[in-house]
Structure formats: structure tokens, C-alpha cells
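To start, the structure under review is shown below, and the notes come after it.
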Amino acid sequence: MENTMSNDCVMGNEIMVESAELLNESGNVQETEQVINNETSELAGSLGGEADMPAKTTKSPTTEAVRNQSDENDSSVKRLQEGVSCNPMNISTTFFTLNRMPMAKLKLIYNERMSEEISVQVNTGLLKCIMDTLRGNIASLVAYKKEDFIEEEDEDEGECKMGMFKALLENGYRANIKKDFINKKGERFFHIRFPISYGREIYFFIKRDEVTEKLVADACKPKTEPSII
């Protein structure tokens with residue numbers, strides 16, 4: 001289905017449309033109208049690779065593997081806490097599901113020459129701390145302790161990303177919609193960014209289908225103002 005949304009669509013979420021990009025077979029971004037920055041290129045490449053890869057059969061992880069994975073995630077959370085304590089110039093965040101685990105990926109830009117990307121498994125508590133950080137309050141993330149929160153069940157594939165996407169739309173966050181990414185198979189993906197506060201944003205690459213197009217179309221509808229008598 002072609003993108004028929006107007007550039008000037010304004011509602012609880014403000015819609016803006018920018019330049020188009022194309023994913024090649026290897027998942028890298030090819031420039032069509034303008035130079036794509038490294039961050040967008042890497043993300044789109046990851047998207048294209050995942051979209052084209054066949055499903056793999058995996059064995060259940062051993063107890064040791066689970067323990068190692070938990071230790072690695074604890075280390076990533078600590079790096080994230082230390083990173084946000086340095087008050088980065090920009091924080092760009094996205095959400096995805098990896099091996100049925102809800103994940104967040106944050107890019108911290110400290111200055112023109114220094115940045116890092118950190119991926120962490122999230123639960124409700126850590127997710128709230130990340131959102132607080134994007135709103136400008138880093139205290140809850142710096143003080144975060146995993147043991148303070150109850151572990152949740154694994155989420156279904158895609159639920160973390162789509163859950164956050166729907167929540168941001170439904171809560172009236174402004175959505176900047178870039179031109180679609182198109183992969184080798186001709187599948188289109190929404191490229192949507194939500195500015196949360198100055199220098200802080202959440203972005204998504206969402207496959208276009210009837211459900212996602214209806215979500216965006218509904219968000220585009222102007223809100224009905226009550227009649228004044």
C-alpha cells in the first residue's frame with residue numbers, strides 16, 4: 001500500500017515527512033536523495049538483515065548460558081547508568097525483541113568525537129527509568145537496581161517494539177515520519193522518530209501493513225474540539 005499521508009497532517013502528533021532511503025540486499029542503506037548518517041544506516045542495515053533472514057531453530061539455553069547472559073546484561077545496565085551520568089548531548093533510543101527478550105538500544109552522543117551504543121534487556125522498572133531519562137530526569141536510572149523489580153515473563157516476538165510504538169502514538173507524542181525504507185523484497189517500513197525532549201528521541205522501523213497503517217492514519221486524524229455555546 002502506498003503512503004498517502006499529507007505532509008501537513010497535524011493532530012496530537014505532528015507529522016513531518018523527509019527524504020527516502022532504500023535497503024539493499026545486504027541490509028545496508030543506499031543513498032537516493034541525500035547522505036544518510038551512520039546511525040540511520042546501521043539501524044536500517046540491521047532491519048533489512050532481520051527482515052530477510054529465515055527463522056532459525058534454537059536450543060534451550062543452559063543454566064550457565066542464562067547466568068552469563070544475565071551478568072552481561074547487568075554490565076550493560078551499569079555502562080548505561082555511567083553513560084547517562086555524563087549528561088550526553090544526545091540520546092537516541094529504539095526498542096526490539098531478541099530471542100523473545102524485550103530490548104532497548106540507546107546511542108549516547110557525548111560530543112562530536114565520542115559516542116557509544118548500549119543494548120539492554122528491559123523490564124517494566126528499567127523501561128520507566130529509560131523514559132524518565134529521555135524526559136530529562138536521570139536520577140531514577142542512575143539509582144536503578146534490578147532486584148527492586150519483579151521479573152516478567154518473556155514477551156511475544158515484536159510485542160516490545162509495537163507496545164512502545166502504540167503507547168507513544170496513543171499518548172499524543174509528536175511523530176516525525178521519514179520516507180519509507182524499502183527492502184529487497186519490496187516491503188515497506190515506516191521510519192518514525194518521536195522527540196521526547198531536547199536532544200532525546202525514540203525511533204522505530206515498523207513494517208507497513210494494515211494494522212500499522214491504521215495506527216498512523218488514526219493518529220493523523222485531527223482531534224474533535226468541543227462546541228462552544
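Bear in mind that the values here come from a model prediction, so they are computed numbers and not experimental data.
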Minimum-distance pair of heavy atoms, taken over all atoms of Arg200 and Pro88: NH2-O, 3.0 Å
Minimum-distance pair of heavy atoms, taken over all atoms of Asp132 and Ser140: OD2-OG, 3.0 Å
Rounded to the nearest 0.5 Å, how far does [atom2] of [Y] lie from [atom1] of [X]?
{"X": "Ile130", "Y": "Leu106", "atom1": "CD1", "atom2": "CG", "result": "5.0 Å"}
{"X": "Arg188", "Y": "Lys179", "atom1": "CZ", "atom2": "NZ", "result": "9.5 Å"}
{"X": "Ser92", "Y": "Ile109", "atom1": "OG", "atom2": "CD1", "result": "7.0 Å"}
{"X": "Leu168", "Y": "Leu215", "atom1": "CG", "atom2": "CG", "result": "12.0 Å"}
{"X": "Glu82", "Y": "Ile118", "atom1": "CD", "atom2": "CD1", "result": "8.5 Å"}
{"X": "Asp180", "Y": "Lys207", "atom1": "CG", "atom2": "NZ", "result": "13.0 Å"}

Test item: [X] side-chain N/O and [Y] main-chain N/O as donor-acceptor pair under 3.5 Å:
{"X": "Thr94", "Y": "Tyr203", "result": "yes"}
{"X": "Asn99", "Y": "Met101", "result": "no"}
{"X": "Ser197", "Y": "Leu134", "result": "yes"}
{"X": "Asn137", "Y": "Thr133", "result": "no"}
{"X": "Ser75", "Y": "Asp71", "result": "no"}

Worked verdict on Met103 versus Val120 for side chain to side chain contact (heavy atoms under 4.5 Å, CB included): CA-CA 6 Å; Met103 306 286 293; Val120 294; 5.8 Å; no
Is the shortest heavy-atom distance from the side chain of [X] to the side chain of [Y] under 4.5 Å?
{"X": "Lys161", "Y": "Ile206", "answer": "yes"}
{"X": "Lys178", "Y": "Ile192", "answer": "no"}
{"X": "Asn87", "Y": "Tyr110", "answer": "no"}
{"X": "Lys107", "Y": "Ser115", "answer": "yes"}
{"X": "Glu187", "Y": "Ile182", "answer": "no"}
{"X": "Ile196", "Y": "Thr93", "answer": "no"}
{"X": "Thr212", "Y": "Met162", "answer": "yes"}
{"X": "Gln81", "Y": "Ile138", "answer": "no"}

NZ/NE/NH1/NH2 to OD/OE distance under 4.0 Å, Glu116 and Arg79: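 Salt bridge present between Glu116 and Arg79.
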Check ion pair Lys214-Asp218 (N to O, under 4.0 angstrom):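 Looking at Lys214 and Asp218, the cut-off is met.
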Under the ring pair (Phe, Tyr, Trp, His ring centres under 6.0 Å) test, residues paired with Phe95 that sit two or more places apart: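 Phe95 satisfies ring pair (Phe, Tyr, Trp, His ring centres under 6.0 Å) with no other residue.
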Side chain to side chain contact (heavy atoms under 4.5 Å, CB included) between Gln121 and Val77, intermediate numbers included: CA-CA 9 Å; Gln121 182 182 348; Val77 171; over 6 Å; no
Exercise: do Asn73 and Ser76 side chains pair donor with acceptor under 3.5 Å: no
NZ or CZ of Arg208 within 45° of Phe190 ring axis and under 6.0 Å: yes
Single-linkage hydrophobic cluster Val122~Val142, side-chain heavy atoms < 4.5 angstrom: yes
Ile202 and Met131: CA distance, side-chain angles, deciding distance, side chain to side chain contact (heavy atoms under 4.5 Å, CB included) verdict: CA-CA 10 Å; Ile202 298 174; Met131 289 302 298; 3.7 Å; yes
Aromatic centroids of Phe181 and Phe205 separated by under 6.0 Å: yes
Worked verdict on Phe165 versus Val216 for side chain to side chain contact (heavy atoms under 4.5 Å, CB included): CA-CA 10 Å; Phe165 180 64; Val216 175; 4.0 Å; yes
